[in-house]
Protein chains: 2
Amino acid sequence: MEARHLRYALALAEHGHFGRAARALGIAQPPLSKQIADLERETGARLFDRTRQGVFPTPAGEAFLARARRALDEMAAATVDAGRAARGETGRLRLGFVASALLDPLPDVLGRFGRERPGVRLELHEMASRRSTAALVAGELDVTVTLGPPRGAGAERLVSVPVGHDHLIAVVGSAHPYAGQASIGVDQLRRQQLIVAAGEDEPAVVIGLRTLLGEDVAALDGATVARDVHTIMGLAACGIGVGLGPSRMRSVPRPGVRFCEVTPRTALPDLVLSFADRDRSPALGAFLDTVRRNCPDVGAALDLRLGPAC
Amino acid sequence: MEARHLRYALALAEHGHFGRAARALGIAQPPLSKQIADLERETGARLFDRTRQGVFPTPAGEAFLARARRALDEMAAATVDAGRAARGETGRLRLGFVASALLDPLPDVLGRFGRERPGVRLELHEMASRRSTAALVAGELDVTVTLGPPRGAGAERLVSVPVGHDHLIAVVGSAHPYAGQASIGVDQLRRQQLIVAAGEDEPAVVIGLRTLLGEDVAALDGATVARDVHTIMGLAACGIGVGLGPSRMRSVPRPGVRFCEVTPRTALPDLVLSFADRDRSPALGAFLDTVRRNCPDVGAALDLRLGPAC
DNA sequence: GCCGGCGATACTTCGCCGGTATGGAGGCAG
DNA sequence: CTGCCTCCATACCGGCGAAGTATCGCCGGC
């Protein structure tokens with residue numbers, strides 16, 4: 001059976017007249033008669049009653065037509081859906097990201113993307129950089145935000161652009177002696193109870209700290225370890241000590257804490273956006289588009305990697 | 001777009017390889033390439049990624065394939081459903097009937113039909129003979145059970161067969177003086193409080209009674225009128241009087257009542273099964289089949305009207 | 001009883017699907 | 001690096017079948 005048969009049967013049912021249905025279909029009447037006859041032979045059931053008053057579907061015809069309508073609707077929807085998916089209006093975007101990315105670039109970007117592409121289902125996976133890179137290479141993710149450029153097997157096939165820069169800052173409770181300071185020196189840090197993040201991506205901050213503190217790591221060894229930056233800020237707010245984390249913490253103003261620069265200024269690994277260029281889905285393309293429009297510098301880096309046309 | 005395109009796209013997605021998909025479809029590879037290319041041109045979206053590792057649907061392709069599967073399922077179901085409807089396995093049967101038909105033939109027939117054709121939706125409309133005949137002529141019903149042959153405009157186009165015969169009987173409470181009698185004479189009836197049915201079909205019983213009682217209708221004028229035979233039996237059970245109704249009341253044994261013949265035996269209008277032969281639906285055919293097998297005499301009458309082949 | 005409308009049938013035409021042959025691109029082995 | 005192989009795309013041709021034209025059969029109405 002072909003879609004033609006369904007269209008013809010529906011037209012015939014609608015017009016109740018072979019001649020008029022054929023005219024509406026843009027064909028002559030005999031071919032329509034033949035196609036309907038073929039259809040009735042194939043289904044093994046008489047689908048239409050030809051009466052003097054007109055052509056009417058039999059109960060079998062009614063059952064057939066109901067299905068035929070749905071089948072043709074599905075076919076029409078197939079084209080529409082394919083077009084939408086191709087334009088990135090629908091689909092899914094699987095994003096892997098480190099928790100601290102929720103501080104700065106993600107809330108804004110995801111918010112805009114969600115509004116611009118309401119049809120795209122966002123699948124958000126908070127995970128350490130290594131794992132998300134592996135998942136991206138394995139095709140289980142579409143895009144990642146990691147601390148530092150992706151490493152590991154297959155990483156060389158990924159396209160990566162840094163998303164802003166980052167350095168180490170301190171966070172203290174409002175009542176803390178340092179609360180009023182714009183910056184804290186290294187020697188001041190050494191006398192404090194430090195609060196740092198643990199987890200797989202911990203090295204990012206810790207390496208920065210070791211660089212800063214040099215060989216004197218006693219303060220670091222006795223540090224309080226928290227699961228994420230939010231906990232760090234919470235603990236700092238309690239006055240427990242001096243929290244240390246990425247400067248993007250400033251993006252999440254929180255009552256009861258103050259942020260201070262740490263001197264000398266110590267760079268931390270950049271947040272890096274990565275994706276596999278080989279199978280770039282339309283949804284990913286739309287996402288990159290949003291990022292491009294939202295962050296001019298990231299957009300420029302993308303243009304450099306992919307060409308402005310993409 | 002034709003069903004062929006959907007089948008080809010699904011085969012290609014399944015096999016991930018033009019050559020193998022074509023072989024599975026029983027065609028050569030170039031035609032498959034061309035059809036897929038045509039499909040992609042028509043949808044305006046690339047549906048498959050041709051990679052070295054195989055052919056994989058793009059997001060647009062996934063969206064298309066999901067719809068394609070449903071469309072083809074609907075098409076297959078169309079044939080199946082049409083066949084079922086043609087064989088009377090599904091569909092609907094709109095039956096109009098007088099309430100007293102629920103006493104005898106309907107419970108048995110409907111029960112069997114419901115078990116034999118669970119897919120047929122029974123629409124039951126209890127209504128007076130005149131109304132159901134009009135509805136049958138108007139095409140709002142498929143079959144009726146009336147008291148007496150159908151009358152009114154268009155009734156001559158209906159096929160009708162009597163469903164058994166009927167006569168007047170009496171029903172009394174178990175404690176009634178007549179309870180032990182096998183039969184009650186007319187003179188005995190005249191001395192009793194009578195209970196008869198009202199409603200549009202009342203004349204059936206009333207005419208029988210008038211015939212029986214002759215000119216002495218005093219007993220009838222003072223009779224209690226009930227809406228249906230069940231009420232009659234209920235009132236009789238209370239000992240209020242002597243109920244009068246069709247002999248089919250015996251089919252519904254009820255504690256507390258006894259049935260008595262009325263002498264002389266008085267015929268009542270037959271229950272008559274009618275339908276429009278011109279547009280006999282498969283469900284109706286199946287129903288008639290059930291009736292035929294269930295009631296040999298009705299079957300014989302049907303064969304006489306329609307020919308044994310039907 | 002003739003005419004007109006409607007669907008079915010017979011036969012022809014032509015478009016398109018499918019087949020064969022071939023091209024081109026990319027990976028792999030020697 | 002080159003030749004080969006795999007795989008999909010393109011080109012061209014033949015045949016099936018869908019569509020067109022002409023006509024018939026049937027039924028109802030004027």
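Remember, it's a predicted structure, so these values are computed and weren't measured experimentally. All chains are named by letter (A, B, ...) in the order of the sequence lines, taking the proteins before the strands, and each is independently numbered beginning at 1. Below, all heavy atoms of this structure are taken into account, side chains as well, without hydrogens, waters or symmetry copies.
Residues passing the side chain to side chain donor-acceptor pair (under 3.5 Å) test with B:Glu2, sequence neighbours excluded: A:Arg7. When the salt bridge (Lys or Arg N to Asp or Glu O under 4.0 Å) test is applied to A:Glu140, no partner is found at least two apart in sequence or on another chain.
The side chain of A:His17 places an N or O atom within less than 4.0 Å of a non-bridging phosphate oxygen (OP1 or OP2) of C:dG7. OP1 and OP2 of D:dC7 both lie 4.0 Å or more from every side-chain N or O belonging to B:Arg50. Contact annotation: B:Arg52 does not reach the phosphate of C:dA25 (side-chain N/O to OP1 or OP2, under 4.0 Å).
Residue A:Arg4 contributes atom CZ, which lies 11 Å from atom P of C:dC17 at whole-angstrom precision.
Atom CG in B:Leu284 sits 11.5 Å away from atom CG in B:Leu141 (nearest 0.5 Å). Note that CG of B:Asp142 is 5.0 Å distant from OG of B:Ser281, once rounded to the nearest 0.5 Å.
For the segment residues 21-37 of chain A, residues with any heavy atom less than 4.0 angstrom from an atom of DNA chain D are, sorted by number, A:Gly26, A:Ile27, A:Ala28, A:Pro30, A:Pro31, A:Gln35.
Looking at every heavy atom in both residues, B:Thr146 comes nearest to B:Val98 through CA-CG1, 4.2 Å.
A donor-acceptor contact closer than 3.5 angstrom links the side chains of A:Ser160 and A:Ser274.
Within 4.0 Å of B:Phe48, counting heavy atoms only, lies no atom of the nucleic acid at all.
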